Colleague: 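Mind having a look at this structure? Questions to follow.
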Amino acid sequence: MAAGFPLLAWLAGPRRRPGAALYALLLGLGTIGLAAFGCGLSGWFSRGMVVVLLTPGAVAGLRRVRDPRAVLTRVRNALRADPWLAAGLAAAGWAQGAALVAGFAPPHLADELVAHLGLGVWDLTHHRICPQPGNIFSAFPQAATMLYAVPLACGTDFGIAWLHAGAGWLTAAGIAVALRPASPGVRRWAVLAVLASPALVAFAGRSFSDLFLAAYAAAAWAAALGGAPAALVGALAGLAAGHKVTGLLLAAALTPLLRGRRAAGGIAMALAAAPWLVRSWLTHGNPVHPLLWRWFPAGGWDAVLEARYRLELLQGDRGPLDRLLELAGLAWLLPVRNLGSGADGTTGALAALAAPLVFLGGSVREAAALALFLLPGTWGATGLRFLFPVLPLAITLAGRGADRVLGGAGGPWRRAAPPLAAALLLWQAAEAIPVGWAAYGDPLPVALGEESVSRYLDRRSYPLSSYPPGWSRLTRALADRVPPGGRILFLNSWGGIWRPARPCLITPLQGRPLALTLARAAGSPGELHKRFRQLGVTQVLVNRWQDEMFFDHWKVWDWDDRSLGVWIHSWDRYARPGWSHGQEATLSAWSDTPITQPHRLTPGFEEETVRLTMTLLRSRRPAEAERLIDNLLPLFPANPELRLAECIRRAGAGQFDLATAAARRIAALAPGSAADLRARAELLSARHHNAEAARLLVVAARREPAEPFPWLELAVQEFRAGNPAGMERARREYERARNFLAWR
C-alpha cells in the first residue's frame, strides 16, 4: 500500500475515491511483482532481493493500517440490523477456514510444481529469471510467481497458498466496492456468497494464479463502474494480464465502461502488461506465445503443437458448432450443471438463483462488456477458473438486480430474503468442504505434524500417473546420485519435483518433448549430444510409471524417421545406465564421449509404442497393430517385445511359419526371457496345447508381475484348459496389474 498510494494519486488524481485502499494495495503488489521481475532479469533473484523489496514497504505500510476495532464495530452493528448475517458469516468462515488449513499442506499438484512454484524454484536456483527449455509455461506471464518468490526464497514448505487465498479475499473486496450503490444488505450477502463459493475454496488452497487475476479484474470492474479515470482501470487490467494471458481479454471487455481518455487507459494497460509480453517476444518471437502463433511464426509453434495444446488446456477436439451450442447454454451450464466441477470446483447453490438477476441488473454497456469477455474466453476454454475475471462483474450485476427485485417486492418477500440467502450459503459451505477436502486429500494430519511431508506427497501428488510410488524417496536419492552442478532432464513426466536437489528440466505434455525438439534440429547423434551438453544436461530421469499413458501426448507421428533415428542412436551411444527406482524410474548419466553398449529402450517412444501395439492386438484391432509393427520393426529390430507382437500377429492370422520364425528370433535375442516364454506359449496355444501354454505363462507372469498382458494371456489359457480357479486367479492379477492405483 505504501507503494500503491503514490501510484494511485498519479493515475487517478489526489481525490479520495471509494476503494482507494484496495486499488493502492493491488497497485503496490503489482509494483513488487514488476520490481522482482526486473531484479530477476538483472541476475538478482534471491532472498536478499525479497528483503530489500518488502522491508521498506512493510514499515511504511503499517502506518496506514486501520484500527481493527472499527471493523468489529461495523460487523456488530450489521448483525444487530440483520441477525441472519451470523449464519452467512459462519458459512463463509467455515469454508475459508478449510482453505487456510489446506495451506499447511505442501504443494502437491503438477500445475504448482511445474509452473507457478516450479518456475520460481528454477529461477531462484539460477538466481535469475530464465526460460526453462521444453516447459511451455515459462513463456507465460509470471506475476504470481514473483509474489510466491517470497516464501520460496525463505524455504517455506507450508502457507504458500495463503497468498492465493488472500487474493480471493481481495476479489470479494472488489465486489464490495463495485456494489457500493446497492443496499448494504445486498452488498454484504454478495461478498459472503463469494467467500463461501466452493470454486473459490477449491482454489484458495492452491498456489495458482487464477485468484490474483480475479482480484485485479474485480478492482478494474469496480473502478470502471465507479467512473474512475481510464488510466487507473487500464493499469489494473494490465497487471491482471501479468498474471495470466487471459487477462488481456479485459482490454476489450472494459472498453464500453471507460470514461474520459480511453487512450490513456490503453497506454496504462500496455505499460503494465508490457514487461511480460516483451520478454515472451524476445524469448519466443511471440508476445503471447503460444497463442496467435500463425501471426508470429518465429515462435517455433505449428499445427501439431496447436492441436495438442487445445486437447490439453483448451477446447479439446470439439468443433465450432459444438462450441457455439455450448456458449448458448452457458448460463445454464455454469450454475446448474456445474460446468468446471471437480478440480475447478463448483459455482455453488446461490449461483443458480442469481444467474437470472444478472440480466435484470445490467445496462446495455455492461452486457456488452460481459459479452466481450465471455465470447472469446469461452470459445477457447469453458472451465470455471478461466471465467474468474468476469465473475466479479456478473456478481455485481446480479446484486444490482437483486436490489431492484427486493426494492419492488412487498414486506414479506424482503423479510424472507435473508433467511433464504443464509440457507443457500450454508448449503454452499457444506458443499465447499468435501470439494476442497477431496482436492487437498485431507491435509489435516500433515498440518498437525502427525504425517510426514514425504508420506503426504507420496499419497497426494497429482496426477498419479506422473508420480510413481515412493516419489519423495526417489527425489531425495537424486541428491546423492547427481553431482553438484548437474542438471536432470525429466522424460515422460508431467509432474515436477518439490524442492529438487538439483536443477530439473521438466517437459510438460503441452510442449513438444525436449528430446524431439533437439533431435529435429540436430543432424547427427553427436550433434544432439552437443545440444544436450549445451543445456547442461548431465543426467536423464525416465519415468516409466504407466508411461503408455503418455504415448498419445508424445505423439509418435510427431517424429520423422531422421530425427527419431538421431534420438535412438544418441540414447544408445551417450546414455549410460545408472540407477533404478524399482520398476518405475531409471536414472542415466549423459556421457561426455560415445560408449559401446547394447541397445537400450528408447524413452518416450519405444516402450510406449510396443505396449500400444500389444493393446491393439488384444483389443482385436489387428489392422492398426500391423501398421504400427511394420513401422517399428525397422527401427527396433532387436526388441524382443516387438518380435513377440509380430509372433502374436502372425499366429492370429494363421501364418504359423512366420510366427515360428518370430519366436525363434526372440529366443536368439533374449533366451529364457518372459517374451521368449510368451512366444512359445502363443505357438502352443495355436496348436491347442492349452495346458502346456498355461504352464509357460505362469513362469512368464511371475517374472513380470507388473505387466498386465501375461496375466491376461494366462487367464485365457486357463479358461481353454478348463481350469476356472486358475483363470480367476490370473484375472485378479491382471486387474491388479492393469490398475496402477493398486500399486500406490
Side-chain angles (χ1 to χ4, degrees), residues 30-43 45 111 114-124 126 128-149 208-210 212-213 216-217 234-235 237-252 266-306 308-310 312-314 376-377 380-381 386 389 505-512 514 517 521 535:
T31 303
I32 291 173
L34 291 176
F37 179 57
C39 292
L41 291 179
S42 63
F45 200 72
D111 282 14
V114 172
H116 308 286
L117 300 180
L119 291 174
V121 172
W122 169 269
D123 293 337
L124 287 167
H126 293 84
R128 66 169 57 248
I129 294 174
C130 50
Q132 188 179 105
N135 188 345
I136 187 177
F137 297 108
S138 66
F140 292 175
Q142 298 167 29
T145 302
M146 299 300 99
L147 298 177
Y148 290 138
F208 282 19
S209 63
D210 300 271
F212 285 108
L213 176 59
Y216 279 97
L239 292 173
H243 289 80
K244 208 177 184 81
V245 175
T246 49
L248 291 172
L249 293 175
L250 290 170
I267 294 172
M269 181 174 184
L271 290 175
W276 303 106
L277 303 181
V278 171
R279 173 180 177 263
S280 184
W281 188 13
L282 295 176
T283 306
H284 301 277
N286 180 355
V288 290
H289 181 76
L291 306 175
L292 305 180
W293 61 275
R294 296 183 190 276
W295 296 7
F296 302 94
W301 209 250
D302 54 33
V304 173
L305 288 176
E306 174 70 9
R308 177 186 300 178
Y309 181 73
R310 287 194 170 277
E312 285 299 314
L313 282 185
L314 303 178
F386 294 106
L505 287 167
I506 307 293
T507 301
L509 302 183
Q510 284 86 356
R512 176 169 281 157
L514 188 59
T517 303
L535 290 174

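Note that this is a predicted model, so its numbers are computed, not measured. Any value given below was found using the heavy atoms of this structure, including those in side chains, with hydrogens, waters and symmetry copies removed.
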Colleague: With Trp293, which residues qualify under side-chain hydrogen bond (donor to acceptor under 3.5 Å, both in side chains), at least two apart?
Modeller: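 side-chain hydrogen bond (donor to acceptor under 3.5 Å, both in side chains) list for Trp293, sorted by chain: Glu306.
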
Colleague: I need the minimum non-hydrogen distance between Ala268 and Ala235, along with the two atoms involved.
Modeller: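 Nearest heavy atoms, Ala268 then Ala235: CB-N, 3.7 Å.
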
Colleague: What are the two closest heavy atoms between Phe208 and Ala144, and how far apart are they?
Modeller: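 Taking every non-hydrogen atom into account, O-CB, 4.3 Å.
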
Colleague: Taking all heavy atoms of Leu124 and all of Ala149, pick out the closest pair and write down the distance.
Modeller: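 Heavy-atom minimum between the residues: CD1-O, 4.5 Å.
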
Colleague: Go through the structure and list residues passing ring pair (Phe, Tyr, Trp, His ring centres under 6.0 Å) with Phe296, not counting sequence neighbours.
Modeller: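 Partners of Phe296 under the ring pair (Phe, Tyr, Trp, His ring centres under 6.0 Å) test: none.
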
Colleague: Spell out, as yes or no, whether a donor-acceptor pair under 3.5 Å connects the side chain of Asn135 to the backbone of Val114.
Modeller: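 Yes; judged by distance alone, with no hydrogens or angles, the pair exists.
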
Colleague: Quick one: do Lys244 and Asp210 make a salt bridge, cutoff under 4.0 Å?
Modeller: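 Counted as a salt bridge, because a side-chain N and a carboxylate O are separated by less than 4.0 Å.
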
Colleague: Just wondering, do Leu213 and Thr246 contact through their side chains at under 4.5 Å, heavy atoms?
Modeller: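 Yes, at least one pair of side-chain atoms sits under 4.5 Å.
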
Colleague: Tell me if a side-chain donor or acceptor on Tyr216 pairs with a main-chain N or O of Pro389 at a distance below 3.5 Å.
Modeller: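 Absent.
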
Colleague: Taking all non-hydrogen atoms of both residues, which atom of His284 and which atom of Ala139 are closest, and how far apart?
Modeller: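 Taking every non-hydrogen atom into account, NE2-CB, 3.2 Å.
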
Colleague: If every non-hydrogen atom of Ser138 is compared with every non-hydrogen atom of Arg279, which pair is closest and at what distance?
Modeller: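 In terms of heavy atoms, the two residues are closest at O-NH1, 3.1 Å.
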
Colleague: Would you be so kind as to tabulate the donor-acceptor pairs closer than 3.5 Å made by side chains of residues 285-292, with sequence neighbours excluded?
Modeller:
from: Asn286; atom 1: OD1; to: Val288; atom 2: N; distance (Å): 3.0
from: Asn286; atom 1: ND2; to: Leu291; atom 2: O; distance (Å): 2.7

Colleague: Which atoms form the tightest heavy-atom contact between Ala237 and Leu250, and what is the distance?
Modeller: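 Residues Ala237 and Leu250, closest heavy atoms: CB-CB, 4.2 Å.
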
Colleague: Could you tell me the separation between the CD atom of Gln142 and the NE2 atom of His243, rounded to the nearest 0.5 Å?
Modeller: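 Rounded to the nearest 0.5 Å, the CD-NE2 separation comes to 11.5 Å.
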
Colleague: Aromatic rings Tyr148 and Phe212: how do their planes relate, parallel, tilted or perpendicular, breaks at 30° and 60°?
Modeller: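 Correct class here is perpendicular.
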
Colleague: Checking Thr145 side chain against Gly120 main chain: does a donor-acceptor pair fall under 3.5 Å?
Modeller: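 Side chain of Thr145 to backbone of Gly120: no pair is present.
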
Colleague: How far does CZ of Arg128 sit from SG of Cys39, to the nearest 0.5 angstrom?
Modeller: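 It comes to 12.0 Å.
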
Colleague: Using the side-chain contact (heavy atoms from CB on, under 4.5 Å) rule, pick out the option among Ile506, Leu505, Thr517 that qualifies with Pro133.
Modeller: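 Between Pro133 and the candidates, side-chain contact (heavy atoms from CB on, under 4.5 Å) is satisfied uniquely by Leu505.
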
Colleague: Do the side chains of Ile129 and Leu119 get nearer than 4.5 Å, heavy atoms only?
Modeller: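 The answer is no; the side chains never approach within 4.5 Å.
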
Colleague: Describe, in one word, how the ring planes of Phe137 and Phe140 are oriented to each other, choosing from parallel (under 30°), tilted (30 to 60°) and perpendicular (over 60°).
Modeller: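 The arrangement is perpendicular - the two ring planes meet at more than 60°.
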
